[in-house]
Enquirer: 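Provided herewith is a single structure, encoded as structure tokens, for subsequent inquiry.
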Amino acid sequence: MRSAGAGMVDLEMAGSEVRIAGWVHRRRDLGGLVFLDVRDRSGVLQASAGPDWSSGSALEAVRGLGVEDVIAIRGVVTPRPEEARNPDMATGDVEVQIAELEVLNRARTPAIPVYRPPEEELPSEKLRLRHRVLDLRRRELQARLELRHRLMLAVRNYFHEEGFVEIETPILTKPTPEGARDFLVPSRVHPGEFFALPQSPQIYKQLLMIAGFDRYVQIARCFRDEDLRADRQPEFTQIDVEASFVQPDDIYGWCEGLMARLAKVAGIEAGPPFTRITYHDAMERFGSDRPDLRYGLEIADYSEVLGALDFRILQGAVARGGRIRGLRLEGGARLTRKQIDAIEQAARTAGAPGLLWAKIQEDRATGPLGRFFRDDTRARLGLAPADLLLAAAGPDRMTSPALDAARTASIAALGLPRATGHAWLWVTGFPLFEDAGDGTLAANHHPFVQPHPDDIHLLDSDPLAVRGLAYDLVYNGTELGSGSIRPHDAALQTRILALLGLEPGEIETKFGFLLEALRSGAPPHGGIALGVDRLAARFSGAASLRDVIAFPKTTAARALFEGAPVPVAAADLAALGISVGAAE
RNA sequence: GGGGCUGUAGCUCAGUUUGGUUAGAGUGCCGGUCUGUCACACCGGAGGCCGCGGGUUCGAGUCCCGUCAGCCCCGCCA
């Protein structure tokens, strides 16, 4: 039906006859002469219809064409007249002079335009999702999905070269009590019983290690029934990796090699170095476990100097065991009151009651905090003229997120230059547990993390102080992946589950199959899962995951194109032994 | 579950602050003219549940209450 892609036609083909098939992108009817822009996945090509080279039927047909009609044309590639060349178009030096034209299919006037005039905003996200096939015809989205394909191809090649085997794991799995809410799938054969869609192939990949597949990889779909964000979809894809007889360094090595190759595929500068930082240091210096290290601004502890001021709020915070930490913004004194308020608001949203600040103007310190400065305070804090000091007082669990938010907002407000174009970071040594809030322990990562050997003796006495052999991969402030070394000893795994509050019977019912496997001779193993959607979004410059997913869900977890989910007929439910009432 | 922003012609948006004649623009669509356009140009035309429901008012796109949807954020997401 076609002999070339529209975007592939160039001057070297001049004089030869081509057959092109695609969509009518635009049409310019000059009366005696009609120009068509024909679009396919490879690009856009101008075709012209005129009485000297087009058949009567082609001339007739071309007048009735509308945008997005599907056509096939036959004609000769012709250099355009010198003055009619279009340097803004990849194929702008040539056109196809239409000899024959066949209309393969008609299109209704599109609900949203595929062609977008310069300066025109994209249609609303709602309409783009509702009319997804039209939206996907845009070059921008096609390029993103093509990049995603090339990235996945490189992933498979890379791991294949490294001796990994890709193995599929079940989509119908067993519900797990830990972590996110499961999507449940009823079993017709066993009324009243349910499968769950996998939140990740975590346990299966461990079972594969025990089975002796010492290097496993899978591009795996995962499902979590939780509320969404710009960087979170209910179904998403992970590069799921697991290997036996490995240390964290082995995992880092594979991931670093992979990321360097993927950056190359994406054509972006995003190679090494990969910095490493402990969770503790990340929280101390940046207030976040996924700091954006492209910017140098760091948090410092000002408890000693500021706690000594005659300022009751600060004294009180320190007396209660908290600290006064803050950010010194070089030249920050030029920020307006409004800008500082916005930064403070960011800190409040992150959970701080407020943010104190001191401006150094000439030699005076002003602002809610500056007013309390003593003669030597400025010097002891190392503040220079035109600096702005932002401070938060309280327990670290409150000040860290607040200062993280303030740091991000300050970088934006000051327009701070990046110290580097991209920043890769391994964050290591996460705590194994966190306080669930009610005094019980919750897994910080998931329950399948090996405790750090130096801390294992604290499991019973001070579990919150136990670090795990877990690590996150962070790129420019985005968490791209997360992994750990897993406990391969059944007794240790059982102990961890017990610390999380599971009863022995519960452990057996829910995780018996894993523990039994661990008892059968499990090798030491560990791995990581890397978020494909986030990776593709970051590497393609997409603002939202929706722009690298062909058919994404809305923030309310709906599919607008096909219209899912939907209620089902009572008879279908009855066959599954399900009755539906009001949700809680 | 909570907070914020948005919802007006097929699409992108004005108009809402301060209620008042027939709700506008660009683009697209329909008809016409046009042989070198590429955001073609020019002439003419059609096109509106102002998201939905209720209220206040002589009168509501505009004010109030509720609700739905999209987006962003908090909770949540190992």
Side-chain angles (χ1 to χ4, degrees), chain A residues 25-37 44-54 59 66-68 78 80-89 91-92 95 97 108-131 134-135 176-182 199-200 202-203 222-234 236 345-346 348-351 401 405 430-434 436-437 441-449 468 470 472 479 482-484 496 500 529 531 543-544 546 553-556 558 560 583-584:
Chain A
H25 191 53
R26 294 178 66 69
R27 197 174 69 113
R28 291 175 294 280
D29 187 342
L30 274 57
L33 197 58
V34 181
F35 294 100
L36 294 179
D37 286 345
V44 177
L45 174 66
Q46 175 167 286
S48 62
D52 297 342
W53 57 85
S54 303
L59 277 174
V67 291
E68 301 308 311
T78 312
R80 296 199 201 174
E82 200 64 45
E83 68 282 3
R85 296 192 174 183
N86 184 348
D88 298 331
M89 206 172 167
T91 59
E95 67 186 12
Q97 294 191 326
R108 285 191 179 175
T109 301
I112 59 171
V114 176
Y115 165 80
R116 180 160 60 122
E119 314 283 304
E120 175 110 340
E121 291 293 314
L122 280 175
S124 71
E125 187 102 26
K126 195 198 295 192
L127 291 168
R128 289 178 51 205
L129 293 172
R130 171 70 189 83
H131 305 286
L134 293 173
D135 198 39
T176 53
E178 286 292 328
R181 276 181 279 266
D182 287 318
Q199 297 178 23
S200 85
Q202 178 61 38
I203 293 178
C222 307
F223 307 86
R224 294 177 192 174
D225 190 3
E226 294 292 346
D227 291 344
L228 306 180
R229 289 286 188 283
D231 60 352
R232 249 159 44 194
Q233 282 275 306
F236 57 98
Q345 187 50 47
R348 284 182 197 274
T349 303
F430 286 85
L432 201 57
F433 302 109
E434 61 187 12
L441 295 177
N444 181 46
H445 195 63
H446 58 53
F448 313 110
V449 176
D472 277 6
E479 181 198 316
S482 189
S484 67
I496 292 169
L500 288 168
S544 157
R546 292 182 295 274
K553 304 288 188 287
T554 67
T555 323
R558 281 191 178 278
L560 294 186
E584 280 182 25

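Quick caveat: nothing in here was measured; it's all calculated off a predicted structure.
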Enquirer: Between Asp37(A) and Arg28(A) (salt bridge meaning N to carboxylate O under 4.0 Å), is one present in this structure?
Expert: yes
Enquirer: Kindly point out which of A69(B), C38(B), C29(B) is positioned nearest to the side chain of Asp37(A)?
Expert: C38(B)
Enquirer: With distance as the sole criterion, do the side chain of Arg26(A) and the base of G28(B) form a donor-acceptor contact below 3.5 Å?
Expert: no
Enquirer: Paired with A69(B) by Watson-Crick or G-U wobble geometry, both distances under 3.5 Å: which nucleotide is it?
Expert: U6(B)
Enquirer: Under 3.5 Å for both donor-acceptor distances, Watson-Crick or wobble: does U33(B) have a partner, and if so which one?
Expert: A41(B)
Enquirer: Arg28(A) side chain N/O closer than 4.0 Å to the phosphate oxygens (OP1, OP2) of U37(B)?
Expert: no
Enquirer: Suppose you measure atom C1' in A23(B) against the same atom in C40(B); what distance do you get, rounded to whole Å?
Expert: 31 Å
Enquirer: Checking only heavy atoms, does the side chain of Arg80(A) share a donor-acceptor pair with the base of U37(B) at less than 3.5 Å?
Expert: yes
Enquirer: Suppose you measure atom P in G55(B) against the same atom in G61(B); what distance do you get, rounded to whole Å?
Expert: 15 Å
Enquirer: Under a 3.5 Å threshold, yes or no: a donor from one side chain and an acceptor from the other, between Gln97(A) and Ser48(A)?
Expert: no
Enquirer: Given the C1' atoms of G59(B) and U12(B), what is the spacing between them in whole Å?
Expert: 31 Å
Enquirer: Work out how far the P atom of G15(B) is from that of G2(B), and round it to whole angstrom.
Expert: 31 Å
Enquirer: With a 3.5 Å limit on both atom pairs, tell me what U22(B) is paired to, counting Watson-Crick and G-U wobble, or say none.
Expert: none
Enquirer: Given the C1' atoms of G70(B) and G26(B), what is the spacing between them in whole Å?
Expert: 24 Å
Enquirer: So what does Tyr115(A) hit on the nucleic acid, given a heavy-atom distance under 4.0 Å: a base, only sugar-phosphate, or nothing?
Expert: sugar-phosphate
Enquirer: Provide the distance between the two C1' atoms, one in G45(B) and one in U27(B), to the nearest whole Å.
Expert: 16 Å
Enquirer: For residues Pro51(A) and Gly32(A), report the shortest heavy-atom separation together with the two atoms involved.
Expert: CD-O, 3.3 Å
Enquirer: What are the two closest heavy atoms between Ser54(A) and Leu59(A), and how far apart are they?
Expert: CB-CG, 3.9 Å
Enquirer: When the C1' atoms of U8(B) and C50(B) are considered, how many whole Å apart are they?
Expert: 4 Å
Enquirer: Could you tell me whether Arg181(A) and Glu226(A) make a salt bridge, using a distance below 4.0 angstrom between a side-chain N and a carboxylate O?
Expert: yes
Enquirer: Distance between the C1' atoms of U33(B) and A14(B), in whole angstroms?
Expert: 32 Å
